[in-house]
Amino acid sequence: MFTAVAGVVGALTIGAWAIVAWGSQRRQPWLMAPLALLIVALVVANQGAWAFLPIVALAAGSFAELVIGAREAPTLRTKHPDAPLSTERWAAAVAAPFRVALAEPWDVVVRPQLRRRYRKVFELEWGVVDRETLLATVDRLWDELHAGGRADLVVDLRTGTARSRDPEGKRDEQRIRLTPAQVERMREITGADDSAETVVIGAYQWWKSVHLIRLTCGGATLDWLSPVETHNLLRRVATDLQRRYASWQELAEAFHGGYLLWHGGGSDDAGSDRVWTALGLLTTDDASPWKLLPWDMPLERAPYENGVPNAQPH
């Protein structure tokens, strides 16, 4: 009797655990696999009563993963720490805050575990649902990025406000209010001393190149871009971005300011912004690619055309 009940309950628990582990996109829940194997072994050995112990443990672990698994703090992870320098690795480092925010390896272009997340975020943020809309969005973002001239971000550290400034008047001014913590971060990242009231982040708009890299990595992960298209686009964006800034420090300043402007600035939940936390890690941690990879490393050049690569159907 116990064995039959344990078999049914065990099968349901193992099934639930497998779904949770697959959907969590994390490694930790898979570490409970020995419990699933123990359940099967005890049921097969006709030890139904004892099987309820690992069943309860597996169920509890699965429930815990549902409750707190998605809240894992942003973590700096690298899948290939000893990998040689490459254009793809350099480009992935540019978009690292969005991977670090998920506690995912920053140095992997194609990440199958993120397929569902890419689909959800792409549709929500960009209206991208397939290859065609992805390519159209990449073309649009590239054109928008190269359409105007230099745009600066003026941060008033005294009043806690930031506004965009276009010397050529081609872009409308955007203005946001920052939280005290964000003001302090901007003071730290720009190296402004306590007496400074204003800092100017020049050509901040080029931080948006990170979105092209995100779209490229997502398109490759979802099989919407071929390996050749993926590598060509990453090379093109990296080459273009490397000409705009002189160091990772300049990119970090632009990323901080541009992200705040894009994200809307201060809010009641600013402290829970995972990308903002990840930006802090990448700026200060000695293991950060922004500290380890040379900004001016030689990048493989892609044949330049006006715009992004003309992708051909598979």
Side-chain angles (χ1 to χ4, degrees), residues 25 77-80 83-102 104-147 205-245 248 251 255 258 262 275 289-290 293-314:
Q25 303 174 351
R77 286 180 176 158
T78 309
K79 186 172 183 180
H80 306 294
L85 295 178
S86 68
T87 299
E88 286 72 24
R89 189 173 181 82
W90 191 94
V94 171
F98 290 95
R99 285 288 182 86
V100 173
L102 301 176
E104 288 283 341
W106 63 264
D107 59 336
V108 181
V109 172
V110 178
R111 186 67 171 165
Q113 293 89 334
L114 295 178
R115 289 176 64 91
R116 291 202 307 164
R117 184 172 185 86
Y118 273 128
R119 286 185 181 276
K120 180 180 178 180
V121 172
F122 279 10
E123 183 173 5
L124 181 64
E125 291 186 6
W126 311 104
V128 170
V129 295
D130 52 23
R131 172 179 165 84
E132 287 68 28
T133 52
L134 173 73
L135 294 176
T137 301
V138 168
D139 285 336
R140 176 175 58 81
L141 290 177
W142 182 275
D143 291 341
E144 289 178 358
L145 194 57
H146 292 79
Q205 81 275 14
W206 293 106
W207 88 277
K208 295 180 182 178
S209 296
V210 70
H211 295 315
L212 291 169
I213 295 176
R214 291 176 67 202
L215 288 168
T216 302
C217 293
T221 297
L222 294 168
D223 297 323
W224 293 344
L225 295 176
S226 70
V228 172
E229 291 169 335
T230 299
H231 296 158
N232 190 42
L233 184 51
L234 288 177
R235 288 192 299 264
R236 194 178 293 268
V237 176
T239 300
D240 186 58
L241 183 60
Q242 198 180 56
R243 293 198 302 263
R244 310 296 175 177
Y245 299 123
W248 288 105
L251 173 66
F255 205 133
W262 178 67
V275 175
W290 292 4
L293 297 183
W295 175 266
D296 57 353
M297 62 171 279
L299 299 178
E300 181 181 355
R301 300 307 196 222
Y304 186 80
E305 300 171 1
N306 291 326
V308 298
N310 295 319
Q312 300 297 323
H314 294 315

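A 4.5 Å side-chain heavy-atom check between T78 and P105 finds every atom pair outside the cut-off. Here the side chains of W207 and W262 are in contact, with some heavy-atom distance below 4.5 Å. Side chains of V210 and V237 form no contact here, defined as non-hydrogen atoms less than 4.5 Å apart. Between I213 and L234, the closest side-chain pair of non-hydrogen atoms falls below 4.5 Å.
Between R119 and E123 there is no salt bridge, since no side-chain nitrogen of the basic residue lies less than 4.0 Å from a carboxylate oxygen of the acidic one. Classification of R111 and E104 as a salt-bridged pair holds, one side-chain N sitting under 4.0 Å from a carboxylate O.
Among R236, Q242, R244, the one residue that satisfies the side-chain hydrogen bond (donor to acceptor under 3.5 Å, both in side chains) test with D240 is R244.
Scanning both residues, T133 and G127, for their nearest heavy atoms gives CB-O, 4.1 Å. Here the shortest heavy-atom pairing between F122 and L215 reads CZ-CA, 3.7 Å. Contact between L212 and V138 at its shortest, heavy atoms only, is CD2-O, 3.7 Å. The shortest non-hydrogen separation linking P294 to W90 is O-NE1, 3.4 Å. A pairwise comparison of heavy atoms in T230 and V109 identifies CG2-CG1, 3.9 Å as the closest pair. Nearest heavy-atom pair, C217 versus R99, reported as atom, atom and distance to 0.1 Å: CB-NH2, 4.3 Å.
A donor-acceptor pair under 3.5 Å is formed between the side chain of W290 and the backbone N or O of A93. A side-chain donor-acceptor contact under 3.5 Å links D107 to the backbone of K79. With hydrogens and angles ignored, the 3.5 Å screen pairs a side-chain donor or acceptor of R115 with a backbone N or O of T221. Panel note: side chain W248, backbone V94; no donor-acceptor pair is recorded below 3.5 Å. Between the side chain of R131 and the backbone N or O of W224, at least one donor-acceptor pair lies under 3.5 Å.
Between W142 and H211, the ring center distance fails the sub-6.0 Å criterion.
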>> Before you tell me yes or no, could you show the steps for E125 and R214 under salt bridge (charged side-chain N to carboxylate O under 4.0 Å, His left out), namely the whole-Å CA-CA distance, both residues' side-chain angles and the distance that decides it to 0.1 Å?
In response: CA-CA 12 Å; E125 291 186 6; R214 291 176 67 202; 3.4 Å; yes
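One distance of note links CG of L145 with CD of Q205; it measures 6.5 Å at 0.5 Å rounding.
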